[in-house]
Amino acid sequence: MTRTLVWFRDDLRTADHEALLQACERAENPGDVVGLYVLDEVSPGVRPLGGAARWWLHHALESLQQNLAALGIVLLLRRGDPAELLLGLAQELGAERVHWSRRYGGGERAVDAGIKAALPEHGIAVESFNASLLHEPWTVQTNTGGPYKVYTPFWRQISAREPGLPRPRPVPLGPVEAAHRRLPELSQGPGELEDWQLLPTSPDWAGGLRRNWTPTEAGGHARLKEFLATQVQDYDDARDVPADDDTSRLSPYLRFGQLSPRQVWEAAQQQSPESVGTFLSEIGWREFCWHLLFHFPQLPHTNLRPQFDAYPWRSRDDSPEEFMAWAQGRTGFPWVDAGQRQLWETGHMHNRVRMASASLLIKNLGIDWREGEAWFWDTLVDADAASNPANWQWVAGCGMDAAPYFRIFNPQRQRERFDPESRYVSTWIPELNTGEYPAPIIDLKTTREEALAHYSQISGRG
DNA sequence: AGGGATTTTGG
DNA sequence: CAAAATCCC
């Protein structure tokens, strides 16, 4: 018998999962493949999940547990330090091999490298696979051998490349009851998801999330199918109208690996190239952000353009009232407030509104992009370790291939252009015309001028 | 994937 | 004289 332990992380699916598939191909009986998820809140450099992500994770693990059970595979749940847990568990199980899908953040790579070095000393083989990206970051290089720092040439290169076809879901090994019977007695039981308390209870604020999402692997495939059948054709223009929300809404499924970018890519190839080009380039932006994180592991916390280190951003503590007005959707700018309330209620904010909301916080309120990034990390169901900070750095102007600093969104103008009938803002701000809605907390014109003055100082032209 | 001031265009 | 193009931040 060859027993393989498959360590799931941000790849919570059963289809197009090379690590799982190869484990199953080696298996002869139920129980020869064992799944594991570790809730890691202790490894340095591994960012603890935000509240909305914890909600999604709970349901994603429930979904994975069911889908693995249908393949005759038990999913074990453990909490703690994976560096300790993996070895102990592999030994208790008598597993000869451990498989996983690669991670690309700095802290995650350090954890994985440590385990990959340690297990073979105990006779346990480790093999890792790609599951989260179209192309491994080290395979996409400029002519001079470095990482791309500009999106357009990056996209030119990867869009001309075939990412490879999705891999099939494994053939079932047998009934999961048989798998349970064949496992040795473990020092801990399989683990109970409820014990992790990932779902909010007092209060239960997840009602809006439940109403807006189906956080399962099947839900991801259904959303992909629906989007490609009915929305992608008009994506180019329709994506800019937040009242309709004709964006793909696939980001949380990609975040948790319930869908792979390769599955999305392959499904989109069934459509005409001109109708999916803009959509696929957004998948390209996600890829670009992950490649950036791989090459610049400081991305989540450090300006990629160091001259911004001298920018006099304020902290959340410097201006708690203004920060909370922004966070809770009380700035007096309907476009931004609607977005923040949509975020709080649904765990999601339309992309066109995200840009303006971030711009207001960073440029008009003068608050550090890291404060807004942390808020989004806690409240978005789709926040991932690469896209979230990379896009905040994009708006702030301090990232690679970022928006020029002097692009400052005007939330009133954005509302006129993209919500002229106020369908979006009135959905999220019922008191808009009742007199209870607050006046703007800052003056757009003067704060804009202040931001530009600060910018000219750090850019060396002041 | 901007905004705003200013200049130019064209009916 | 209003809309479009251009330039600057």
Side-chain angles (χ1 to χ4, degrees), chain A residues 148-156 159 232 234-249 251 276-289 292 304-305 307-308 310-313 331 333-336 339 348-366 369 372-373 376 380 382 386-420 424 440 442-462:
Chain A
Y148 281 99
K149 297 172 183 175
V150 180
Y151 176 69
T152 303
F154 174 86
W155 175 241
R156 199 168 18 234
S159 60
V232 78
D234 301 318
Y235 181 76
D236 234 333
D237 296 321
R239 64 174 176 157
D240 272 335
V241 182
D244 298 333
D245 204 353
D246 284 312
T247 60
S248 76
R249 300 176 64 95
S251 49
V276 295
T278 306
F279 167 63
L280 284 180
S281 91
E282 299 300 339
I283 300 295
W285 271 103
R286 172 187 178 276
E287 186 89 0
F288 184 59
C289 293
L292 280 181
L304 294 186
R305 295 172 190 262
Q307 64 268 37
F308 277 82
Y311 192 97
W313 274 312
T331 67
F333 296 101
W335 181 253
V336 169
H348 185 260
M349 191 194 304
H350 189 280
N351 184 58
R352 178 150 282 287
V353 190
R354 291 188 197 197
M355 294 188 283
S357 177
S359 176
L360 189 85
L361 184 77
I362 298 166
K363 295 176 179 177
N364 297 102
L365 297 177
W369 63 267
E373 195 273 345
F376 273 26
L380 278 170
D382 67 17
S387 299
N388 195 47
N391 282 311
W392 275 90
Q393 293 217 37
W394 181 87
V395 175
C398 57
M400 295 296 178
D401 200 17
Y405 185 84
F406 47 76
R407 274 192 195 167
I408 299 174
F409 286 78
N410 180 326
Q412 293 163 342
R413 173 86 183 109
Q414 291 283 311
R415 178 187 170 189
E416 287 165 13
R417 284 171 64 190
F418 302 110
D419 191 34
Y424 179 69
I442 45 93
D443 180 70
L444 288 178
K445 190 165 186 282
T446 57
T447 52
R448 177 177 184 273
E449 285 163 0
E450 285 165 15
L452 290 172
H454 286 143
Y455 174 67
S456 71
Q457 284 177 0
I458 66 161
S459 66
R461 284 184 285 106

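Every chain is numbered from 1 and lettered A, B, ... according to where its sequence line falls, protein lines coming before strand lines. From a predicted model like this one, the values you see are computed outputs, not experimental measurements.
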Tell me, please, whether A:Phe409 has A:Lys363 positioned over its six-membered ring: NZ or CZ under 6.0 Å from the ring centre and within 45 degrees of its axis?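 No, A:Lys363 does not sit over the ring of A:Phe409.
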Should the pair A:Glu449-A:Lys445 be classified as a salt bridge under the 4.0 Å nitrogen-to-oxygen rule?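 A:Lys445 and A:Glu449: salt-bridged.
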Quickly work out the [X] [atom1] to [N] [atom2] distance and round it to whole Å.
{"X": "A:Lys445", "N": "B:dG4", "atom1": "NZ", "atom2": "C1'", "result": "9 Å"}
{"X": "A:Leu360", "N": "B:dG3", "atom1": "CG", "atom2": "P", "result": "13 Å"}
{"X": "A:Glu449", "N": "B:dG3", "atom1": "CD", "atom2": "P", "result": "16 Å"}
{"X": "A:Ile362", "N": "B:dG2", "atom1": "CD1", "atom2": "P", "result": "15 Å"}
{"X": "A:Tyr455", "N": "B:dG2", "atom1": "OH", "atom2": "C1'", "result": "14 Å"}
{"X": "A:Tyr405", "N": "B:dG3", "atom1": "OH", "atom2": "C1'", "result": "14 Å"}
{"X": "A:Met400", "N": "B:dA1", "atom1": "CE", "atom2": "C1'", "result": "19 Å"}
{"X": "A:Trp335", "N": "B:dG2", "atom1": "CH2", "atom2": "P", "result": "11 Å"}

So, using side-chain hydrogen bond (donor to acceptor under 3.5 Å, both in side chains) as the criterion, who are the partners of A:Asp382 when residues are at least two apart?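 Checked A:Asp382 against side-chain hydrogen bond (donor to acceptor under 3.5 Å, both in side chains); matches are A:Ser251, A:Arg354.
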Show the nearest heavy-atom pair for residues A:Val232 and A:Val276, with the distance to one decimal.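 The answer is CG2-CG1, 4.0 Å.
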Closest approach of A:Arg415 and A:Trp335, non-hydrogen atoms and distance?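 Looking at all heavy atoms of both residues, the closest pair is CA-CE3, 3.7 Å.
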Aromatic rings A:Phe308 and A:Trp313: how do their planes relate, parallel, tilted or perpendicular, breaks at 30° and 60°?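 If you compare the ring of A:Phe308 with that of A:Trp313, the planes turn out parallel.
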Quick check on contacts: within residues 407-420 of chain A, what sits under 4.0 Å from DNA chain B by heavy-atom distance?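 The stretch gives A:Arg407, A:Ile408, A:Phe409, A:Asn410, A:Arg413, A:Gln414, A:Arg417 as the residues lying under 4.0 Å from the strand, ordered by number.
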Tell me whether the OP1 or OP2 atom of B:dG2 has a side-chain N or O from A:Arg448 closer than 4.0 Å.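 False: A:Arg448 side-chain N/O out of range (4.0 Å or more) of B:dG2 OP1/OP2.
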